[in-house]
Number of protein chains: 2
Amino acid sequence: MQTRGTREDDAIMAKAPTVYDVAERARVSIASVSRVLRNPDSVKEQTRERVLEAVRHLGYVPSANARGLAARRTNVIGLFFPGHDDVTGSDGRLVAASGGVTVVRDDATGDPETHNYYFDEVLRGAEIEAWRRGFALMVAAGRGASREAIVNDIAGRVDGLAVLARTVPDELLAHVARRIPVVVLAATRGTDEFDHVSVNNAPGMQAITEHVLSTGARRLMYIAGPEDSPDDRERLEGFRAAVDRVDGVTVELVRGDFSRVRGREIALGIEAMPEAIVCANDQTALGVLDAMGRRSISVPDDVMVTGFDGIAAGRHSTPRLTTVHQPMVELGRAAIQALTARLDDPALDAQSLVLPVQVVLRDSCP
Amino acid sequence: MQTRGTREDDAIMAKAPTVYDVAERARVSIASVSRVLRNPDSVKEQTRERVLEAVRHLGYVPSANARGLAARRTNVIGLFFPGHDDVTGSDGRLVAASGGVTVVRDDATGDPETHNYYFDEVLRGAEIEAWRRGFALMVAAGRGASREAIVNDIAGRVDGLAVLARTVPDELLAHVARRIPVVVLAATRGTDEFDHVSVNNAPGMQAITEHVLSTGARRLMYIAGPEDSPDDRERLEGFRAAVDRVDGVTVELVRGDFSRVRGREIALGIEAMPEAIVCANDQTALGVLDAMGRRSISVPDDVMVTGFDGIAAGRHSTPRLTTVHQPMVELGRAAIQALTARLDDPALDAQSLVLPVQVVLRDSCP
DNA sequence: AGCCCAACTGTAAGCGCATACAGTTGTGCC
DNA sequence: GGCACAACTGTATGCGCTTACAGTTGGGCT
């Protein structure tokens with residue numbers, strides 16, 4: 001029965017072919033089809049060819065579900081992080097306005113970016129490492145209400161789950177952890193039994209603060225992040241450690257929220273300008289730079305500014321931002337590594353990996 | 001048989017509980033367990049409570065594999081995009097240098113970012129839309145050699161696949177498309193039968209070029225992207241269309257590669273400075289701005305510069321970059337929408353959605 | 001020629017769930 | 001009190017694959 005290629009080529013996926021279909025066409029058993037796909041060397045070449053021909057001809061793609069069920073593992077790793085709030089187009093209807101081009105003028109007064117580069121970088125690291133190790137990567141962001149459903153859903157789909165600190169309620173995490181290994185990112189180990197991967201927040205902040213103090217500055221402002229952030233807490237500790245070792249330092253502590261807008265707001269409101277503003281993250285520091293630019297206050301001459309994170313935008317800001325670079329991509333990779341290590345050996349002790357950071361001196365505090 | 005909670009709570013996942021375990025504990029059939037999870041209202045409240053208690057007590061999380069197999073759909077959508085080349089730590093060993101903080105000075109001569117924000121944005125849009133519609137999102141980047149394996153792998157795991165143009169060989173895509181719907185991003189429809197989602201490249205570039213010409217500029221340089229990019233081709237068309245409608249315009253066309261480094265290189269090498277440099281994307285334009293800064297050539301007074309994409313970095317560059325904003329997040333969302341539309345109705349005609357763009361006037365070409 | 005063993009290949013039993021269909025129970029009504 | 005029917009619940013099957021185990025084949029030996 002000869003079939004013209006085109007005939008089946010544009011068939012509208014009447015029914016996805018299965019091992020049975022392939023086996024029938026190749027005149028072998030389904031076991032042989034499975035072998036050709038999983039362990040080609042265990043099949044005679046001639047048989048293998050017949051099977052592969054059938055695979056190609058039928059457009060066969062094995063079902064990962066069936067495979068996962070039979071093999072008892074999915075080969076997928078999940079990454080869960082705090083959600084980008086769904087601001088854009090809340091009703092979700094897109095209009096195809098083909099031919100539509102509008103022109104607007106952006107005078108820099110509009111809403112600043114809300115985007116957090118941090119997660120992109122972590123995600124990139126995770127993606128690279130996961131596929132390198134033969135795992136697919138599934139991503140999910142925390143949506144307020146449906147968080148539990150999503151976490152449960154993803155937990156049933158993966159062999160292991162990496163979660164950003166504070167994005168999943170402890171109880172839910174504990175529930176999930178009974179089924180698959182969980183690694184927590186950006187938090188050092190507390191009393192829980194999970195693996196952790198974090199960066200050297202306190203020593204990093206301490207080092208950059210010491211650098212600031214080494215310039216002779218004594219009147220400092222510290223713009224912190226949200227109180228429930230473990231990262232923020234550690235950074236503040238590092239800052240205090242540095243400050244406490246030097247006499248005659250005055251500190252004004254302001255609570256920010258890690259955002260650029262808030263950094264700008266705060267900096268616009270400063271009356272008695274300090275000699276240096278140490279920010280808990282880069283976004284905040286960039287907001288401060290925005291404000292100083294607007295107020296025509298020279299950085300670093302009138303006030304020095306430092307950040308923390310090492311996001312790309314800081315390399316191109318005006319002035320270029322002095323900061324502590326944390327290895328975000330490595331963080332993602334390390335999470336996957338920790339997870340695969342535990343999958344290989346579930347009996348491993350819970351580990352807590354702390355990645356090194358780097359103080360990067362640029363123009364905002366030379 | 002009473003069991004103290006703690007006993008099982010810290011069990012090291014001896015074996016993930018299944019519906020059978022839950023059913024046994026709740027003294028119901030597995031069908032009822034399944035109903036409680038999928039369709040709670042179809043079960044008497046009292047029974048439901050017993051089941052939920054068992055779920056909680058046992059730490060039960062349903063297997064998506066088994067569910068997907070039985071239900072014949074995975075509820076996962078895949079996103080495939082060109083890979084970030086795996087540059088960092090090629091051997092993959094991480095050293096936990098806890099306590100390690102190094103200090104470096106960054107004088108802006110080092111390697112510029114290689115990172116492409118474009119994909120991050122698209123990914124974000126896809127992620128939002130997928131989960132909103134009840135699909136999980138699986139991401140994969142194209143790795144040179146193993147591309148075929150990865151695409152096949154992911155194809156077996158998802159109900160639909162979104163692919164960035166030119167990242168997957170046609171033949172492979174055709175193979176996959178016989179099993180699941182495929183939508184191609186950032187390319188208008190050619191001869192294939194896939195759904196497409198793209199942006200209004202040509203009209204957008206035409207509009208911004210017209211704006212440049214409206215300032216009176218007549219000697220232009222155009223820095224294009226790689227030749228095999230459909231986006232680039234369309235933008236160049238738009239540029240030409242604008243230029244052709246005005247007399248006395250001279251154009252020098254240079255071939256770039258969409259990267260910031262290359263943009264800088266090219267701009268550093270310019271001898272006869274044009275009145276305006278129109279770039280095929282923002283990264284290139286930012287590189288040009290870098291170069292002009294270094295050469296102390298004033299933008300826009302001595303030369304105007306425009307980009308295309310609307311990445312966040314352009315909002316904060318010096319000077320702020322005039323560009324064409326393309327809705328990257330919307331692109332990702334639209335891809336998911338197209339996919340779900342086709343899943344709902346496989347008989348749909350292949351559609352080609354073109355999203356509108358927006359010319360954003362900022363300081364580099366006011 | 002007969003035997004043994006290596007190299008293949010086939011058979012069959014699940015993996016954990018959804019669901020059609022077949023009970024079972026409880027309620028309102030005559 | 002008995003019947004019809006609604007509201008639940010249980011039984012049984014199959015989704016598409018992996019894999020232990022049981023054939024089958026053929027070549028090298030004696």
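Lettering follows sequence order; numbering is per chain, from 1.
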Main-chain N/O of B:Thr18 paired with B:Asp21 side-chain donor or acceptor, under 3.5 Å:
yes

OP1, OP2 of D:dC17 versus side-chain N and O of A:Ser63: anything below 4.0 Å?
no

Using a 4.0 Å heavy-atom cut-off, does A:Val28 contact any base of the nucleic acid, only the sugar-phosphate backbone, or nothing at all?
sugar-phosphate

Over all strands shown, is B:Val43 touching base, sugar-phosphate only, or nothing at heavy-atom distances under 4.0 angstrom?
sugar-phosphate

Rounded distance in Å - CG (A:Asn65) to P (C:dC17):
12 Å

Would you find more than 12 non-hydrogen atoms of other residues, nucleotides or ligands less than 6.0 Å from A:Arg73 atom CZ?
yes

May I ask you to evaluate whether A:Thr18 reaches the phosphate of D:dG16, defined as a side-chain N or O under 4.0 Å from OP1 or OP2?
no

Is B:Tyr20 side chain donor-acceptor paired with the C:dC17 base, going by distance under 3.5 Å alone?
yes

Whole-Å distance separating the CZ atom of A:Arg35 from the C1' atom of C:dG10:
8 Å

How many whole angstroms separate atom CZ of B:Arg179 from atom C1' of D:dC17?
11 Å

Between B:Ala70 and A:Lys44, the residue closer to the 5' end of DNA chain C by nearest nucleotide is A:Lys44

Could you check whether any side-chain N or O of A:Arg342 sits under 3.5 Å from a backbone N or O of A:Leu348, counting only pairs where one atom can act as donor and the other as acceptor?
yes

Residue met sooner reading DNA chain D from 5', once B:Ala66 and A:Ile30 are mapped to nucleotides
B:Ala66

Could you tell me how far apart A:Gln46 (CD) and D:dT25 (C1') are, to the nearest whole angstrom?
13 Å

Nucleotide nearest B:Leu69 (side chain, heavy atoms from C-beta), chosen from C:dT11, D:dC15, D:dT18
D:dC15

Counting only heavy atoms from other residues, nucleotides and ligands, does the tally under 6.0 Å from CG of B:Asp345 exceed 12?
yes

Atom CD of A:Glu24 to atom P of C:dT9: distance rounded to whole Å?
19 Å

State whether B:Ser29 places a side-chain N or O below 4.0 Å from either non-bridging phosphate oxygen (OP1 or OP2) of D:dT9.
no

Once you round it to whole Å, what is the distance between P of D:dT19 and CZ of A:Arg67?
10 Å

A:Asn39 has an atom CG; how far is it from atom C1' of C:dC8, in whole Å?
13 Å

Exceeds 12 heavy-atom contacts within 6.0 angstrom, atom CD of B:Glu24
no

Polar pair under 3.5 Å, donor/acceptor by atom type, side chain A:Arg72, base C:dG16:
no

Under 4.0 Å: is that the gap between some side-chain N or O of A:Ser32 and OP1 or OP2 of C:dG10?
yes

What's the CG-C1' distance between B:Leu37 and C:dA18, to the nearest Å?
11 Å

Picking from C:dA18, C:dT9, C:dC17, which would you name as closest to the side chain of A:Thr47?
C:dT9

